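Data first, discussion second: the structure below is written as structure tokens.
What you see is a predicted model, and the numbers here were worked out from it, not measured in a lab. Labels below follow one simple rule: chain letters A, B, ... track the order of the sequence lines, proteins then strands, and each chain is numbered from 1.
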There are 2 protein chains.
Amino acid sequence: MAAHSIFDTLNDALKRETLSDVQVMRFEPGQVLFRAGEHCQGLPLVIKGGVKVQMTGASGHSIVLYRMTSDDICTLSIGCLMTGRGYRAEAVVEAETEAAMIPRPLFDNLMQQSADFRLGIMESYGRRLDDLMLLVEEVAFRRMDERLEEWLLARARKGQSLLKITHQELAVELGTAREVISRLLKELERKELVHLARGRVEVTGLMNRPPAP
Amino acid sequence: MAAHSIFDTLNDALKRETLSDVQVMRFEPGQVLFRAGEHCQGLPLVIKGGVKVQMTGASGHSIVLYRMTSDDICTLSIGCLMTGRGYRAEAVVEAETEAAMIPRPLFDNLMQQSADFRLGIMESYGRRLDDLMLLVEEVAFRRMDERLEEWLLARARKGQSLLKITHQELAVELGTAREVISRLLKELERKELVHLARGRVEVTGLMNRPPAP
DNA sequence: GTTGTTCAGTGATAAAGTCACACTCAACCT
DNA sequence: AGGTTGAGTGTGACTTTATCACTGAACAAC
């Protein structure tokens with residue numbers, strides 16, 4: 001199934017209007033799309049690249065909530081745009097990203113004119129809610145060693161098995177403390193499932209595990 | 001600010017059409033609006049009452065995700081309706097509830113015709129995302145004793161301080177095990193902040209605490 | 001009453017989070 | 001080159017939370 005942008009569903013007139021109103025921006029890894037507390041300026045639609053959305057608790061700990069990739073619209077921004085409240089999370093660019101910034105009037109217009117656009121937005125929202133519900137369940141009930149193994153395995157499967165990541169970053173991925181990750185990784189190394197180096201985790205022996213449930 | 005239904009924003013023609021298409025249903029406490037795995041039949045809009053939405057993990061443990069009250073539309077159902085997937089959570093009626101069941105065609109129609117209706121839906125979604133993000137943070141980073149105290153305090157403030165609830169139910173509210181709640185409550189009783197009885201928690205000494213952050 | 005059933009209490013143990021600090025490696029700077 | 005710096009990692013000691021396996025208490029139905 002070829003990925004296709006939500007814009008492809010628009011008719012020619014709408015597409016022309018969209019192209020004239022939309023501002024395409026480029027972002028480099030590490031750049032911050034928005035921070036907690038800031039107000040929404042426009043609605044980002046990721047054309048290509050990767051952005052992670054994470055939030056920081058009162059304790060100072062952070063956790064990655066979800067990721068946006070090609071053709072994802074930032075549902076969080078819709079909420080901020082509609083209610084006028086500030087962001088509760090922050091978005092950090094991971095891979096080189098192109099995003100279309102949709103101004104509010106254009107968004108309103110598209111919502112009114114295109115049933116497919118509406119459907120796309122609703123589906124995005126549905127997926128985000130699902131993601132977050134799943135995350136709540138994970139964080140509340142699942143064991144950290146399992147979650148870590150699954151995370152590493154998922155990354156290793158799609159891409160190389162040599163991951164460039166620090167223990168601290170892994171801790172933020174799973175919403176725990178760095179020490180916990182360090183100890184669990186040591187344990188995995190003892191079982192010869194990974195090989196560790198500074199800023200690196202090489203997955204060596206997890207590959208024939210049952211996939212995530 | 002008087003609560004007003006999202007329907008009040010509609011013009012007369014739409015309101016007439018809506019009233020003829022919508023089926024108002026009544027639910028008693030304990031009834032289940034939908035279960036995990038089931039497919040969505042129509043979009044519930046709560047007119048009055050209270051419904052809790054909770055999910056159960058693979059471990060068999062449950063956690064309350066959020067609640068719906070007057071004028072809340074079930075955003076979870078929109079997602080199911082749009083994507084055709086089954087529910088991931090279940091909805092349990094807490095107080096006697098009246099809800100309008102909106103069929104898909106009417107929903108599509110309203111989304112097309114009314115900007116205010118669209119705005120209302122978007123705002124609902126925004127609130128749900130916010131709720132869930134906050135919940136993730138709570139579950140991931142906050143201490144259980146604090147969360148329990150805050151939960152009891154919030155309930156005690158709006159209503160009577162004598163709560164009819166079991167330890168098991170409290171455990172589901174906070175997404176933990178019953179034993180944990182039992183021990184924490186015992187500790188609170190020892191500090192003379194609550195008084196315990198079978199199926200009851202009376203909040204006696206928490207009232208002059210700092211409100212939730 | 002007796003008999004179930006739901007609810008609550010508790011000890012033992014394991015997993016996870018917190019705090020404090022030491023060590024290691026790589027980059028940068030005279 | 002040697003030294004300094006800072007991010008990244010390892011670990012012990014301790015607390016909090018989760019899990020397991022029970023026991024007993026309160027209530028309802030018979």
When you compare the protein's N or O atoms with those of nucleotides 15-19 of chain D, which come within less than 3.5 Å of each other, and at what distance?
| from | atom 1 | to | atom 2 | distance (Å) |
| --- | --- | --- | --- | --- |
| D:dT17 | OP1 | B:Met144 | N | 2.6 |
| D:dA18 | OP2 | B:Thr176 | OG1 | 2.3 |
| D:dT19 | O4 | B:Arg183 | NH2 | 2.7 |

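Rounding to whole angstrom units, CD of residue A:Glu189 and C1' of D:dT9 are separated by 12 Å. Regarding A:Leu185, its CG atom lies at a distance of 15 Å from the P atom of D:dG8, rounded to whole Å.
For the atom pair B:Leu148 CG and B:Glu146 CD, the distance stands at 11.0 Å (nearest 0.5 Å). With values rounded to the nearest 0.5 angstrom, B:Ser62 atom OG is found 8.0 Å from B:Gln168 atom CD.
Between B:Asp131 and B:Arg67 no salt bridge is recorded (no basic side-chain N to carboxylate O distance below 4.0 Å). The residues B:Arg104 and B:Asp108 are annotated as salt-bridged, a charged nitrogen and a carboxylate oxygen being separated by less than 4.0 angstrom. Under the 4.0 Å criterion applied to side-chain N and carboxylate O atoms, B:Arg190 and B:Glu187 are assigned as salt-bridge partners.
Looking at every heavy atom in both residues, A:Glu94 comes nearest to A:Pro29 through O-CB, 3.3 Å.
Side chains of B:Arg155 and B:Glu150 form no contact here, defined as non-hydrogen atoms less than 4.5 Å apart.
Looking at B:Leu81, B:Leu43, B:Val53 one by one, the single match for side chain to side chain contact (heavy atoms under 4.5 Å, CB included) with B:Leu76 turns out to be B:Val53.
Read 5' to 3', the first and last nucleotides of DNA chain C with an atom closer than 4.0 Å to a heavy atom of chain A are C:dA15 to C:dC25.
A cation-pi contact links A:Arg128 to A:Tyr66, judged by a cut-off of 6.0 Å to the six-membered ring centre and 45° from its axis.
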For each nucleotide in nucleotides 2-7 of chain D, reading 5' to 3', give B when a protein heavy atom comes within less than 4.0 Å of its base, S when such contact involves only the sugar-phosphate, and - otherwise.
----BB
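Note: B:Phe117 and B:Phe107 have perpendicular aromatic rings, judged against thresholds of 30 and 60 degrees for the angle between ring planes.
For a distance-only test at 3.5 Å, the side chain of A:Arg200 fails to qualify as a donor-acceptor partner of the base of D:dG8.
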